[in-house]
Amino acid sequence: MAGSPTARRRRLSIELKKLREKSALTCAQVGQALDWSGSKVNRMETGSGRVQPSDVDALCRFYGTSDELRDFLKSLAREAKTRGWWQVHGAGVPEWFNIYIGLEQDASTLRQYQCEVLPGLMQTEAYARELHTTGAHMSAEDIDRAVRVRLERQEMLTRPDAPEAWFVVNEGSVRNVIGDREIMREQLEKILEVTELPSVTLQVLPFDSGTYPATGSFTMLGFPAPEDPDLVYRDGITDAVYLEGEHHVREYTRAFDGLRAAALSPQRSARLVQSVVKEYSK
């Protein structure tokens with residue numbers, strides 16, 4: 001069973017939709033049979049609201065599932081109500097990013113392209129604080145919370161079951177000075193340290209790489225259970241987009257593979273980062 005509340009909610013939504021489609025019924029037909037609205041059934045299948053175990057029980061009995069499956073789905077509904085560790089930080093973490101963190105915590109693979117800044121899972125406190133201070137209108141308290149969450153997220157890379165994480169970053173994110181040269185030197189040293197972890201790979205896409213298949217930063221998450229499909233995540237200043245269809249995943253996978261092919265090898269990437277560290281040390 002997936003570990004975080006977000007992942008449990010997603011798995012529950014997937015399973016409920018599969019049961020309805022197997023029954024060849026519409027949301028409206030299921031809702032009418034249970035004296036619900038069709039929109040309620042749809043919300044349960046899209047994870048856009050909390051699902052009560054009693055409603056899951058009613059659905060499972062209507063679909064005629066086994067007792068084992070009904071108990072499993074009811075347990076998902078109960079455990080999806082718990083709060084993740086990151087949710088105690090309130091306004092320091094936007095609601096749309098809460099969803100991403102919950103999914104990230106359960107990912108078995110993580111593939112990310114960053115074209116402007118270095119990956120959050122590799123950022124130092126000073127670098128992250130600088131980004132939050134200049135990039136959003138937040139109180140000092142909320143900035144502290146946001147930075148704390150970012151640093152705590154990084155612990156996933158050192159877990160025994162750490163996801164296989166592959167990062168491709170544009171050379172601009174390595175050379176663009178965030179804060180000052182001292183902050184950047186420490187940040188790049190942190191990058192080199194993190195890439196020594198066995199589950200982490202970093203490649204730098206150089207300025208002279210030519211045309212490459214991407215128009216912005218994105219993250220792809222894969223999950224250990226085959227029932228949990230991969231997804232693509234893209235965020236902006238005030239919201240985020242989650243893409244789960246096979247077509248989206250296939251095209252972003254193709255783009256990421258193209259970025260990896262155009263980027264420097266992990267060894268050459270490390271040497272480039274080391275050379276920039278030397279520049280900032282002068």
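What you are looking at is a predicted structure, and each value in this text was computed from that prediction instead of being measured.
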Do [X] and [Y] have side-chain N/O donor and acceptor atoms under 3.5 Å apart?
X: Gln154; Y: Lys190; result: yes
X: Arg260; Y: Gln203; result: no
X: Glu104; Y: Tyr100; result: yes

Do the side chain of [X] and the main chain of [Y] share a donor and acceptor less than 3.5 angstrom apart?
X: Gln29; Y: Thr26; answer: yes
X: Ser13; Y: Met44; answer: yes
X: Glu164; Y: Thr109; answer: no
X: Tyr280; Y: Arg175; answer: yes
X: Arg20; Y: Leu25; answer: yes
X: Ser23; Y: Leu19; answer: yes
X: Gln187; Y: Met122; answer: yes
X: Ser217; Y: Cys115; answer: yes
X: Ser209; Y: Leu205; answer: no

Do the side chains of [X] and [Y] get close enough for a salt bridge, i.e. N-O under 4.0 angstrom?
X: Glu251; Y: Arg254; result: yes
X: Arg185; Y: Glu189; result: yes
X: Arg159; Y: Glu155; result: no
X: Asp67; Y: Arg61; result: no
X: Arg10; Y: Asp228; result: no

- Treat each ILVMFWY residue as a node, draw an edge where side-chain heavy atoms are under 4.5 Å apart, and state whether Val168 and Leu264 are in one component.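 Each belongs to a different hydrophobic cluster.
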- Query: Does one hydrophobic cluster hold both Val169 and Leu259, with members joined at side-chain heavy-atom distances below 4.5 Å?
  - Reply: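 Different clusters: Val169 never reaches Leu259 through Ile, Leu, Val, Met, Phe, Trp or Tyr contacts under 4.5 Å.
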Which heavy atom in [X] sits nearest to a heavy atom in [Y], and how many Å separate them?
X: Thr124; Y: Glu186; value: CG2-O, 3.8 Å
X: Pro119; Y: Gln112; value: CB-OE1, 3.3 Å
X: Val232; Y: Val249; value: CG2-CA, 4.2 Å

- Task: Side-chain contact test, heavy atoms from C-beta onward, threshold under 4.5 Å: evaluate it for Leu69 versus Tyr63 and give yes or no.
- Result: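 Answer no - side chains too far apart.
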- Run the numbers on Leu121 and Leu110 for side-chain contact (heavy atoms from CB on, under 4.5 Å), then give the verdict. CA-CA 11 Å; Leu121 291 176; Leu110 184 152; 3.8 Å; yes
- Between Phe218 and Tyr252, what is the ring plane arrangement, given parallel below 30°, perpendicular above 60°, and tilted in between?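 Geometry flag for Tyr252 against Phe218: perpendicular rings.
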